[in-house]
Undergrad: 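Submitted below is the structure of interest, expressed as structure tokens.
Fair warning: this is a prediction, and the values are worked out from it, not measured in the lab. What's counted below: heavy atoms across the whole structure, side chains too, no hydrogens, waters or symmetry copies.
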Amino acid sequence: MKNTNEMEIRFESRSANEGFARVAVASFLTQLNPTVEEVADVKTAVSEAVTNAIIHGYENEIHKVHIRCRIEDNVFTVEVCDKGKGIENVEEAMQPMFTTKPEQDRSGMGFAFMEAFMDSLEVESEPGKGTKVRMKKAIGKGREIWTTRSL
Amino acid sequence: MKYQVQENCLTIYLPREVDHHNAEEIRREADAVIDRNHIKYIIFDFEKTDFMDSSGIGVIMGRYKTICLIGGEVWAVHANARIKKILTLSGVTKIMQIYEEDAV
Ligand SMILES: Nc1ncnc2c1ncn2[C@@H]1O[C@H](COP(=O)(O)OP(=O)(O)O)[C@@H](O)[C@H]1O
Ligand SMILES: [Mg+2]
């Protein structure tokens, strides 16, 4: 049987909650015994998605951001959802350096970081309805041989 | 924001976490200091920093845009391995030098 676990959190789209979201997801991830590097990768990706929900999705209005995490054996899945303004052209938005808010010093590297630090990234978005970002990462890929031997 | 000004050089001592939440204050205060002191060189000191996302990259790029008009430069010091990875991946190292203190 598969080892599975799930958690969900819902919080207001205040920038102070960006740190909270990173820590909450990282502490749920702990049960997979991740490396320091893997924790940092997931924290960066979550930070990017949550920041996007706050500044682009809700454009600094206060509404709810929803995070869902799932563990299936060693695969960690995290979804970040907002019911904000949505993305007109997802493909264009995902290009490195593309940003619709250059005046706010956005670098346009958010999606590029999510892609670089996670194994997969899927974005579902509808203008006026909101955005869902789903990311997956296999934890402990490099440790398999070592673990088997030590048993 | 913790900082120090020596002539036309501004050192910004970045906080433990540089995310969108903390970046706002750094952006606002740095711009005021740059304007007031005719800053040409900016050193981002990562001594205390263990987390940074793309909001931090935006802060560096934005400040560089201001000072490059007068031939200024941006530097990074005390960056740990993780921060160096973020800087390199973002491409910001094309405009910013990373100072290697332990280089022999
Ligand atoms: N949750 C979201 N809701 C609406 N638009 C979004 C969302 N996430 C991303 N975007 C759009 O995609 C663009 C690129 O995002 P990203 O790569 O994180 O760069 P940045 O946040 O620096 O602009 C944003 O500028 C924005 O237009
Ligand atoms: Mg972003």
Side-chain angles (χ1 to χ4, degrees), chain A residues 11-23 25-26 35-60 65 80 93-118 135, chain B residues 1 10 12 14-35 42 44 46 48-69 74 76 79-96:
Chain A
F11 52 89
E12 289 192 340
S13 54
R14 301 179 189 279
S15 68
N17 286 335
E18 292 158 5
F20 161 74
R22 290 194 294 271
V23 172
V25 172
T35 61
V36 176
E37 191 72 11
E38 286 165 339
V39 174
D41 289 352
V42 169
K43 275 177 129 178
T44 309
V46 167
S47 196
E48 296 297 349
V50 170
T51 302
N52 281 354
I54 293 174
I55 61 180
H56 302 298
Y58 293 131
E59 301 194 291
N60 299 314
V65 179
V80 178
M94 289 174 76
Q95 300 284 326
M97 319 266 289
F98 177 88
T99 181
T100 47
K101 294 204 185 324
E103 77 288 350
Q104 288 181 28
D105 275 347
R106 302 307 308 167
S107 60
M109 293 304 291
F111 281 129
F113 277 9
M114 293 182 237
E115 227 159 11
F117 291 128
M118 302 296 281
M135 301 179 278
Chain B
M1 180 186 81
L10 165 65
I12 300 174
L14 294 166
R16 196 172 66 80
E17 305 200 298
V18 185
D19 60 3
H20 158 248
H21 181 66
N22 295 326
E24 293 296 303
E25 181 193 312
I26 301 168
R27 224 150 64 87
R28 194 164 14 89
E29 295 189 15
D31 284 347
V33 176
I34 292 164
D35 198 45
I42 303 176
F44 291 94
F46 288 93
K48 296 228 154 43
T49 308
D50 56 35
F51 179 87
M52 181 169 78
D53 65 17
S54 74
S55 303
I57 301 301
V59 171
I60 297 170
M61 287 184 352
R63 307 296 75 63
Y64 175 72
K65 272 184 210 150
T66 313
I67 61 163
C68 78
L69 299 171
V74 285
N80 69 24
R82 178 71 193 180
I83 301 295
K84 278 183 194 157
K85 190 171 178 179
I86 296 279
L87 294 172
T88 310
L89 206 77
S90 72
V92 82
T93 43
K94 287 194 198 102
I95 54 142
M96 182 174 65

Undergrad: Where does B:Ile60 contact chain A at under 4.5 Å (heavy atoms): side chain, backbone, both or neither?
TA: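 Neither the backbone nor the side chain of B:Ile60 comes within 4.5 Å of chain A.
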Undergrad: Output the donor-acceptor atom pairs between chain B and chain A under 3.5 Å, with atom names and distances to 0.1 Å.
TA:
residue, atom, partner, partner atom, Å
B:Glu17, OE1, A:Arg22, NH2, 3.0
B:Asp19, OD2, A:Arg22, NH1, 3.0
B:Asp19, OD2, A:Arg22, NH2, 3.0
B:His20, ND1, A:Glu18, OE2, 2.5
B:His21, N, A:Glu18, OE1, 3.0
B:His21, ND1, A:Ser15, OG, 2.5
B:His21, ND1, A:Ala16, N, 3.3
B:Arg27, NH1, A:Asp105, OD2, 3.4
B:Asp53, OD2, A:Ser47, OG, 2.6
B:Ser54, N, A:Glu48, OE2, 2.6
B:Ser54, O, A:Ser107, OG, 3.1
B:Ser54, OG, A:Glu48, OE1, 2.7
B:Ser54, OG, A:Glu48, OE2, 3.1
B:Ser55, OG, A:Arg106, NH1, 3.2
B:Ser55, OG, A:Arg106, NH2, 3.2
B:Arg63, NH1, A:Asp105, OD2, 3.1
B:Arg63, NH2, A:Asp105, OD2, 2.8
B:Arg82, NH1, A:Glu37, OE2, 3.4
B:Arg82, NH1, A:Asp41, OD1, 2.6
B:Arg82, NH2, A:Ala40, O, 3.2
B:Arg82, NH2, A:Asp41, OD1, 3.3
B:Arg82, NH2, A:Thr44, OG1, 3.0
B:Lys85, NZ, A:Glu37, OE2, 2.9

Undergrad: Measuring from A:Phe113:CZ to B:Ile57:CD1, what's the distance to the nearest 0.5 Å?
TA: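 The distance works out to 5.0 Å.
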Undergrad: Using non-hydrogen atoms and a 4.5 Å limit, figure out which bit of A:Ala112 sits close to chain B: side chain, backbone, both or neither.
TA: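 A:Ala112 has no heavy atom closer than 4.5 Å to chain B.
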Undergrad: So which residue, A:Ala16, A:Ala116, A:Gly110, ends up with the most heavy-atom pairs under 4.5 Å with chain B?
TA: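 It is A:Ala16.
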